[in-house]
Amino acid sequence: EAGVVQSPRYKIIEKKQPVAFWCNPISGHNTLYWYLQNLGQGPELLIRYENEEAVDDSQLPKDRFSAERLKGVDSTLKIQPAELGDSAVYLCASSFRAGVKDTQYFGPGTRLTVL
Amino acid sequence: KQEVTQIPAALSVPEGENLVLNCSFTDSAIYNLQWFRQDPGKGLTSLLLIQSSQREQTSGRLNASLDKSSGRSTLYIAASQPGDSATYLCAVKTSGAGSYQLTFGKGTKLSVIP
């Protein structure tokens, strides 16, 4: 069974440019998460989807970040415009549900460098 | 707000040595605690998950313990190998925003020297 797929794996852009990350969760997983991981830190949740609905986006900086999960499968996270401080690893994870016993499976992440 | 602390931040040991990684959390009202491994440039791989009602879990050379009342967990690695070199992250699951969420520590970077 394929794991969580993310692309691109690496992205280098100049500040003020837009950037988008794509995630394909494990087949059958209804819950999808986007995490931000700064260097030397643990992942922090940005947004959680239940099917197509964003049910927890309280940590998403909505002035420049947006996300969508069309048809409740793949998801895209966008930053526009990017700032120097956005340089980090963006991790996508999925789980069958968001229950207490549901395990999250993580993708390899997209490493973003903003110059 | 739940906070998770991992000590030490980095650890270097010779091959074959046994070692212990520490994790502490401020709010004992957790559902479970999970240890992850992260290799450079890769995502997180789950190693062990301990439910709040359990005291420990074992997988091969790894043993994780949980003392929920004191807010502490340890990950014991026996007979360390160079392939164990990675960053180890501890995460606790608590309730919030109508569901359950993971709060991570900053991790311990382990280097096993051949």
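Below, read A as the first sequence line, B as the second, and so on, with proteins coming before strands; counting in each chain starts at 1.
Classification of A/Lys16 and A/Glu14 as a salt-bridged pair fails, no side-chain N sitting under 4.0 Å from a carboxylate O. Salt-bridge annotation for B/Arg61 and B/Asp84: present, with a side-chain N of the basic residue lying under 4.0 Å from a carboxylate O of the acidic one. Salt-bridge formation is detected for the pair A/Arg64/A/Glu83: a Lys NZ or Arg NE/NH1/NH2 atom is positioned less than 4.0 Å from an Asp or Glu carboxylate oxygen.
Within the 4.5 angstrom heavy-atom criterion, only side-chain atoms of A/Gln37, from C-beta onward, approach chain B. Only the side chain of B/Gln38 comes within contact range of chain A, judged by heavy atoms closer than 4.5 Å. A/Tyr105 does not touch chain B: none of its heavy atoms, backbone or side chain, sits under 4.5 Å away. B/Leu89 touches chain A through its side chain: at least one heavy atom from C-beta onward sits under 4.5 Å away, while N, CA, C and O do not. There is no contact between A/Arg97 and chain B, counting heavy-atom distances below 4.5 Å.
Ring pair A/Phe106/B/Phe104 is perpendicular by interplanar angle, where above 60° counts as perpendicular and below 30° as parallel. Aromatic ring orientation, A/His29 versus A/Phe96: perpendicular (interplanar angle above 60°, classes split at 30° and 60°).
Ranked by heavy-atom pairs under 4.5 Å with chain B, the list A/Pro43, A/Gly109, A/Gly107, A/Gly42 is led by A/Pro43.
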